[in-house]
Enquirer: 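First the structure, then my questions, so here it is.
This structure is a prediction, so every number in the text was calculated from the model and none was measured. All chains are named by letter (A, B, ...) in the order of the sequence lines, taking the proteins before the strands, and each is independently numbered beginning at 1.
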Amino acid sequence: MPITILAPKPSRHINDPEQDVSSDSGSDADVDGDVPMTSLRPPKRARLTTTDMVTPGEVITDDPQWMRGHGTYVTPTITAIVSSVAGTVSRTNKLLSVRPLRARYTPEVGDLVVGRIVEVQAKRWRVDVGSTQLAGLPLSAINLPGGILRKRTETDELQIRTFFAEGDLLVAEVQQLFGDGGAVLHTRSLKYGKLRNGVFVAVSGVGGGGGVVRSRRQVWTMDAANGAGQIDVVLGVNGYVWISKHVETPEAEAGKAAGITNMEESVSTTMYSSQNDRIEVETMREIARLRGVVTALVENGLRVDEDMVVRGYHEAVEMAMVSTEGPDDIYLGGERGEQLAAALRGA
Amino acid sequence: MASSQHVLLSPAELAYLHASLSLTPPIRPDGRTPIQFRPLSAETGILPGTNGSARICFADGTEAIVGVKADVERTAQRPGEETVFLEGGAGDDEDDQEGETKEGVDKRKGDASWVEMTVEIPGLRDDDSGTAFLAAMLSEALLADGEFVKRLWINRRFHWKLYLDIILISPPLSYPLPLLSLTTHLALLSTRLPRLKSEGDEDPFFDDDWAAAPYLFPRPAHTTTTTTTTTTRPPITLLVMAVGNNIIFDPSKEELAVADVALAVSVAGSTAETGKGEAEEAGRRLRLLSVRTIDPPSRLTPPGIANAANTAYGASNGAVGTQKMLEARTAEAEAVEGVWRAPRGGAKRMVLGALVQKVLERGGVVDEVLDALEGVELG
């Protein structure tokens with residue numbers, strides 16, 4: 001079956017999915033300035049009630065008793081509260097705020113992020129982390145190769161592209177924030193550095209409880225099914241996800257043996273490599289399955305964290321067992337994804 | 001050659017994608033089979049002010065809307081052509097309804113200028129080369145065989161002028177050609193033109209009952225007559241790519257980024273149905289309308305650096321660094337496993353042939369796509 005074409009789903013009420021939305025579609029066709037076409041043909045979609053959803057520039061209230069919160073502003077001339085984002089209005093006592101439907105990542109110090117180099121400057125890189133601004137990664141905030149912790153030299157500045165070039169993916173931590181929301185990253189740890197041996201998937205900008213949420217563990221190694229060995233998953237807080245084959249580097253082993261003090265020395269022999277190791281077919285298949293789980297979670301509005309991904313993965317493996325194509329069937333789009341999400345919600 | 005947009009991927013990602021797509025069978029990053037399309041949801045008749053409209057969206061939020069509007073326009077008469085005089089013309093003109101070949105002669109004529117197509121993609125200027133190429137490829141498929149514009153013929157003095165407005169609502173998350181083509185196909189399927197009441201070469205006069213308006217592409221009528229009716233369908237343009245010897249349909253952005261060769265293939269299908277209980281022995285006849293190569297972004301990607309040539313790899317110092325630089329220059333020639341190298345040279349002729357053959361396969365992908373599109377309810 002190469003193609004599936006479905007009829008569009010009726011839109012669901014944002015705040016209250018249980019509420020029956022079909023009841024208000026018959027009569028109030030004029031709500032959004034439509035000509036009453038509904039009498040001629042049945043409405044395809046139930047219309048949202050306009051009470052909760054606001055768009056940028058829409059006046060929420062001009063009653064002075066309310067205080068303005070996030071996602072709103074007050075015009076200087078009239079004292080009405082106006083929405084600055086598209087989203088749902090939430091009221092907390094006398095505070096009015098708007099929760100955006102989709103939002104960009106707001107960096108916070110200590111966040112683990114996955115980013116992509118988009119620009120190389122003289123002494124720093126500019127990294128796309130899915131925020132409103134590009135984050136900066138100064139040359140002084142990476143572990144330079146050559147063993148010992150050393151001062152950066154002019155040679156390093158000239159060779160800046162040998163560490164990270166445009167397009168490279170890296171995992172880093174937010175070290176510092178600027179007043180305007182821009183972030184500065186660092187990769188001064190064994191855990192951070194250039195990414196290879198896997199696939200990238202961006203699930204950023206998802207509102208309404210979906211997407212990656214800050215949690216206890218953002219990085220973990222899990223055992224894959226079907227003899228695929230171990231797989232690393234990195235969930236960047238910014239919604240960028242990296243799924244790769246787990247590689248036990250000899251340096252990490254040595255680092256364990258050598259103790260914490262000279263860990264930095266043995267760090268980065270493979271840190272700036274852009275050559276993939278040999279990856280078995282089984283591993284590639286399970287990596288693709290994990291990627292499918294992550295996209296299925298996002299498409300169905302579920303949160304993405306370690307617990308959900310691991311459970312979803314096991315569920316997906318079992319679904320493949322009973323499917324007609326056998327355990328090699330890794331497709332999790334469309335109806336399969338919904339099935340998976342339903343199983344996860346039920347459990 | 002049309003070029004698709006540039007994507008920024010790291011050499012390690014490209015190497016991984018290329019390796020997984022080169023396997024037999026290929027493992028696609030989203031787990032689809034090589035001939036599987038992304039699931040999409042479609043509806044028609046969403047714009048009440050148009051003659052026909054359709055909307056298709058992917059699960060990732062990519063969404064396209066197409067509206068078709070029709071205007072009556074006077075056909076430019078060239079001297080020397082069979083000049084029409086109203087008195088003489090009306091008499092010997094037989095009623096020429098949608099039956100294409102009546103008494104063996106098809107008097108209808110068409111002109112490519114009767115169809116005007118505009119493509120709008122957010123973030124791109126409308127005179128951007130990418131947008132212009134998309135519009136050119138889509139209209140080329142429509143106009144290639146000259147059969148489509150004949151449908152717009154009203155009489156010798158007038159014709160319909162069709163305006164197709166194709167709008168991608170979301171930013172282009174992948175090369176939008178197949179999405180726009182499928183949406184255009186659906187919109188044309190749902191297009192209706194008012195029923196003509198006047199006869200011959202008079203000024204056209206139409207029935208104002210919209211319910212009586214016939215479809216531009218009439219649905220197959222399930223009659224019990226023994227006549228053979230041919231129903232043609234608007235063309236579709238599919239994006240097909242090859243990695244190694246694997247042929248992959250409907251590639252996503254990442255997949256296109258490692259393609260050795262990508263083609264836009266336009267195909268039209270017509271079903272010859274013979275009524276009276278006979279099984280549909282003829283089936284659907286597929287005709288190749290056009291083939292265009294798409295310049296895949298893989299050719300512009302930076303190459304990966306093998307560990308052997310990487311100055312930042314391993315515990316190195318300056319001296320070793322320059323040594324490695326020299327080695328790198330010599331090592332550039334041979335490929336190392338796990339290191340990305342952009343494809344060089346043109347497409348292999350065998351691969352191109354296999355791509356086109358795969359598209360035109362009887363009972364293959366195109367058949368299924370056309371069947372699925374026909375299954376969409378016209379509203």
Side-chain angles (χ1 to χ4, degrees), chain A residues 1-9 35 37 40-41 44 116-118 128 144-147 155 159 162-163 165-169 194-201 244 268-279 281 284-285 287-289 291-292 295 299 329-335 337, chain B residues 8-13 15-17 19-20 23 27-33 35-43 45-46 48 55-57 59-60 249-250 254 301-302 304-307 310-318 321 336-340 364-365 368-369 372-373 375-377 379:
Chain A
M1 190 64 189
I3 193 164
T4 44
I5 299 184
L6 312 163
K9 281 183 228 153
V35 284
M37 291 296 289
L40 297 178
R41 63 191 179 103
K44 285 264 174 54
R116 191 186 291 280
I117 308 283
V118 290
D128 164 37
L144 296 163
T155 325
Q159 294 187 341
T162 62
F163 307 129
E166 287 91 345
D168 280 349
L169 276 174
K194 200 185 270 188
L195 294 169
R196 59 198 182 98
N197 291 334
V199 291
F200 170 78
V201 53
S244 64
S268 51
T269 52
T270 56
M271 184 173 251
Y272 300 109
S273 167
S274 61
Q275 175 173 354
N276 283 341
D277 296 311
R278 189 178 175 77
I279 303 168
V281 181
M284 283 191 176
R285 191 171 288 128
I287 287 175
R289 199 197 300 277
R291 189 187 188 275
T295 41
E299 274 171 17
D329 180 25
I330 49 172
Y331 180 62
L332 286 169
E335 287 170 358
Chain B
L8 203 58
L9 292 175
S10 74
E13 279 180 286
Y16 181 92
L17 282 170
S20 71
L23 297 168
I27 297 176
R28 301 178 71 169
D30 46 7
R32 288 182 281 157
T33 61
I35 58 163
Q36 197 172 10
F37 281 61
R38 284 167 281 188
L40 39 88
S41 65
E43 59 181 325
I46 51 157
R55 184 185 79 115
I56 288 188
C57 49
D60 64 1
F249 281 83
D250 190 27
E254 298 95 49
T301 48
I305 300 165
N307 287 342
N310 193 344
T311 49
Y313 178 78
S316 66
N317 54 38
V336 186
E337 196 201 346
V339 178
W340 168 247
V365 184
E368 300 244 11
V369 171
L373 285 168
V376 176
E377 197 183 329

Enquirer: Please examine the side chains of B:E13 and A:V199, heavy atoms only from C-beta on, and report whether any two atoms are closer than 4.5 Å.
Expert: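 No - every pair of side-chain heavy atoms lies 4.5 Å or more apart.
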Enquirer: Chain A heavy atoms under 4.5 Å from B:V376: which part of the residue, side chain, backbone, both or neither?
Expert: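 Only the side chain of B:V376 comes within 4.5 Å of chain A.
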Enquirer: Shorter than 4.5 Å, heavy atoms on both sides: which option in A:L332, A:I117, A:I287 has the most such pairs with chain B?
Expert: A:I287
Enquirer: Do B:S20 and A:R285 touch side chain to side chain, with heavy atoms closer than 4.5 Å?
Expert: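 Result no, sub-4.5 Å side-chain heavy-atom pair not found.
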Enquirer: Heavy-atom cut-off 4.5 Å, strictly under: side chain, backbone, both or neither for A:V118 against chain B?
Expert: both
Enquirer: Among B:I56, B:V365, B:V369, single out the residue with the greatest number of heavy-atom pairs under 4.5 Å to chain A.
Expert: B:V369
Enquirer: Please identify, among A:I330, A:V281, A:N276, the residue contributing the most non-hydrogen atom pairs under 4.5 Å to chain B.
Expert: A:N276
Enquirer: Side chain, backbone, both or neither: which part of A:T295 has a non-hydrogen atom closer than 4.5 Å to chain B?
Expert: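 Neither part, no heavy atoms under 4.5 Å.
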Enquirer: Contact part of B:L9 toward chain A, heavy-atom cut-off under 4.5 Å: side chain, backbone, both or neither?
Expert: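 It is both, since atoms from each part get that close.
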Enquirer: Which one of A:D277, A:D128, A:L169 has the most heavy-atom pairs closer than 4.5 Å to chain B?
Expert: A:L169
Enquirer: Would you indicate whether the side-chain heavy atoms of A:I279 and B:Y16 approach each other to under 4.5 Å?
Expert: yes
Enquirer: Would you compute the distance between atom CG of A:L195 and atom OG of B:S10 and round it to the nearest 0.5 angstrom?
Expert: 8.0 Å
Enquirer: With sequence neighbours left out, write down each residue that passes side chain to side chain contact (heavy atoms under 4.5 Å, CB included) with B:V339, or none if nothing qualifies.
Expert: A:Q275, B:A306, B:V336
Enquirer: If I take atom CD from residue B:Q36 and atom CD1 from residue A:I3, how far apart are they, to the nearest 0.5 angstrom?
Expert: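 With rounding to 0.5 Å, CD (B:Q36) is 10.0 Å from CD1 (A:I3).
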Enquirer: If we only count heavy atoms from C-beta on, is the A:Y331 to B:P39 side-chain gap below 4.5 Å?
Expert: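 Side chain of A:Y331 against side chain of B:P39, heavy atoms only: contact under 4.5 Å found.
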Enquirer: Heavy-atom pairs under 4.5 Å with chain B - which of A:K194, A:R278, A:E335 has more of them than the others?
Expert: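 Heavy-atom pairs under 4.5 Å are most numerous for A:R278.
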Enquirer: Using non-hydrogen atoms only, which part of A:N197 is less than 4.5 Å away from chain B: side chain, backbone, both, or neither?
Expert: backbone
Enquirer: Given that the side chain runs from C-beta out, which part of B:L373 has a heavy atom under 4.5 Å from chain A: side chain, backbone, both or neither?
Expert: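 Both backbone and side chain.
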Enquirer: Could you walk me through whether A:S273 and B:N307 satisfy the side-chain hydrogen bond (donor to acceptor under 3.5 Å, both in side chains) test, starting with their C-alpha distance in whole Å, then the side-chain angles of each, then the deciding distance to 0.1 Å, before giving a yes or no?
Expert: CA-CA 6 Å; A:S273 167; B:N307 287 342; 2.6 Å; yes
Enquirer: Identify which part of B:L40 has an atom lying under 4.5 Å from any heavy atom of chain A, answering side chain, backbone, both or neither.
Expert: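 Both parts, backbone and side chain.
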